[in-house]
Amino acid sequence: MIQCIKQLKTAFGLAFLWLVCLIYFTQGFRSFVWTAVSYQLKDRLKMSPSASQFVFSVSFFPWSIKPIYGILSDCIPIKGKKRIPYLVISTVMSLVPWLILGINASTRSSIWHLMILLTLQNLGSAMADVVVDAMIAEAVRFEKASFAGDLQSLSWLSMAFGGVCGSLLGGYALTNLEIDIIFLLFSILPAIQLFSCGLVEESSMGGEVLSDFSISSDSHHLNGKDNDLDEDSSLEKKSNVSARKRKKSQKKSKKTQLTRRKAQIPSPGKGKSLPLLWFQSLKYATYNLCRAFKQPMILRPMAWFFLAHVTVPNLSTVMFYYQTEFLKLEASFLGTVRVIGWLGLMLGTFTYNQYLKKMKLRRILALTHIGLAFLNLFDVILVSRTNVAFGVSDKTLVLCGSALSDAVNQFKFMPFLILSGQLCPPGIEGTLFALFMSINNFGSTVGSFVGAGLASILNISSGSFDNLLLGINIQLFCTFIPVVLLFLIPKEATGIAS
């Protein structure tokens with residue numbers, strides 16, 4: 001591993017390597033501060049589970065529109081540069097909300113102020129996520145392509161390490177520190193990230209106002225984090241392999257396309273104004289994206305992944321309230337649960353790559369939802385208190401359920417990544433892949449809204465969990481709905497990205 005890092009340092013430079021690792025570590029470490037947000041909504045603002053879940057759903061919406069950030073940075077350079085300026089802007093948006101929440105008590109006490117600041121913070125995090133993925137893709141596209149796997153693995157390890165550290169320290173911090181101090185402590189990371197942006201040099205585009213979209217678009221093709229949103233993101237990198245293989249077989253046609261497209265996009269010397277050139281580039285990029293997405297072979301499977309989220313109500317926030325208020329589980333223990341969840345996520349990734357990737361996707365996804373339905377029984381047992389009758393502690397049940405559910409969810413997310421990589425046509429792989437991830441994230445957001453609505457209908461509130469068992473049973477039944485819709489997934493598709 002040390003030798004690998006030395007090679008990457010030589011190939012890309014220490015500043016670039018540091019910035020990539022720092023951004024991914026910060027994405028994983030977000031659990032440190034978002035745990036505090038959960039307690040702020042529950043204990044300080046006295047919000048009901050459904051209202052709290054609504055706030056989270058709105059706050060994480062910026063992760064559902066990631067292609068917009070990619071298209072903007074591709075088509076509208078700032079002072080001739082497409083990456084670092086946008087990374088600086090996004091980092092500032094990630095930093096300022098935590099400083100305001102840490103310093104100004106009134107913003108923490110207002111639901112609307114808090115929701116606006118959290119949404120702004122997620123906007124900055126999502127944009128930084130897209131931009132750094134673009135920088136990685138550009139860095140490995142040509143002569144340094146042999147280092148792509150090593151760089152992506154290092155990114156994944158950085159985020160996983162950040163997730164473990166954030167989960168462990170988050171519970172400790174909540175026990176020993178005030179919430180405002182936690183917000184201010186977390187702001188140190190985006191502050192360091194902002195400083196690090198100045199250490200990385202980006203070559204200016206000079207006289208070229210626009211670069212060809214088909215070239216630049218493949219620079220945004222990674223990352224997601226899902227709710228959670230921040231935990232999913234790094235695994236998207238695995239789609240690079242299939243994209244590169246397709247590019248090798250289509251070099252001639254791509255050169256022809258480039259020549260034609262460059263003729264279509266006028267240069268600044270033709271008398272066109274800069275805003276008009278930007279508008280034409282944005283219009284061209286959006287048109288290509290929509291035209292590709294409308295193809296049935298792309299639209300149908302993406303519809304399945306979206307519906308797989310929407311049709312299953314997300315009751316995670318309600319369960320958080322139940323675990324902390326009814327079961328009296330400590331914040332430090334819940335931090336340990338998240339660490340176990342990270343380990344389960346990595347175990348799921350390993351298991352999929354070792355044993356499941358040659359299986360038909362329809363079968364994998366069907367077994368995954370059956371497995372998730374089985375794991376829902378853990379919540380049924382927990383809420384019905386059946387475990388007490390058999391002498392099984394609440395903590396044991398919560399720990400096992402968290403580790404297994406994160407592992408099984410990877411069996412659903414990995415096929416999504418592989419299939420997305422297979423469906424992306426050459427030329428717009430990056431932005432179309434970002435669109436796929438946004439659809440997945442938006443489906444998760446809508447699923448959270450559905451869960452919040454279900455909790456409200458069943459009148460599940462803080463201190464009143466009488467109907468929670470009914471809600472979990474409804475969730476259990478809905479888990480089988482995506483199985484019925486599996487005809488939308490290509491019949492012969494497997495989990496091998498080739």
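Every heavy atom of this structure was used, including side-chain atoms; hydrogens, water molecules and symmetry mates were not. Since the structure is predicted, the reported quantities are computational estimates derived from the model, not experimental observations.
Applying ring pair (Phe, Tyr, Trp, His ring centres under 6.0 Å) to W34 and the options Y39, F60, F186 leaves one that passes, F60.
Proximity of a side-chain donor or acceptor of S64 to a complementary backbone N or O of F442 within less than 3.5 Å is detected. Between the side chain of N314 and the backbone N or O of G447, no donor-acceptor pair lies under 3.5 Å. Y86 places a side-chain N or O within 3.5 Å of a backbone atom of L72 that can act as its donor or acceptor partner. Between the side chain of S456 and the backbone N or O of A452 there is no donor-acceptor pair closer than 3.5 Å. Put simply, the side chain of K358 never gets that close to the backbone of Y355: no donor and acceptor are under 3.5 Å apart.
F56 CZ to Q53 CD: the interatomic distance, rounded to the nearest 0.5 Å, is 9.0 Å. We find the OG-CD1 distance between S59 and I116 to be 10.0 Å, quoted to the nearest 0.5 Å. Annotation: the span from L194 atom CG to L87 atom CG amounts to 9.0 Å, rounded to 0.5 Å.
Note on residues 379-390: pairs passing side-chain hydrogen bond (donor to acceptor under 3.5 Å, both in side chains), not counting sequence neighbours, are S384-T386, R385-D394, N387-D394. Pairs passing the side-chain hydrogen bond (donor to acceptor under 3.5 Å, both in side chains) check and including a residue from residues 473-484, sequence neighbours excluded, read N376-T479.
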Side-chain donor-acceptor pairs of residues 299-308 under 3.5 Å, sequence neighbours excluded:
from: R300; atom 1: NH2; to: F487; atom 2: O; distance (Å): 3.2
from: W304; atom 1: NE1; to: P482; atom 2: O; distance (Å): 2.8

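Residues satisfying the ring pair (Phe, Tyr, Trp, His ring centres under 6.0 Å) test with F25, not counting sequence neighbours, are F29, F161. Residues satisfying the ring pair (Phe, Tyr, Trp, His ring centres under 6.0 Å) test with F326, not counting sequence neighbours, are Y322. Checked against ring pair (Phe, Tyr, Trp, His ring centres under 6.0 Å), F350 has no partners two or more places apart in sequence or in another chain.
Counted by atom type alone, W18 and S196 present one or more donor-acceptor pairs between their side chains at under 3.5 Å.
Relative orientation of the F183 and W98 rings is tilted, given thresholds of 30° and 60° on the angle between their planes.
Under a 4.0 Å N-O distance rule, the pair R108/E178 does not qualify as a salt bridge.
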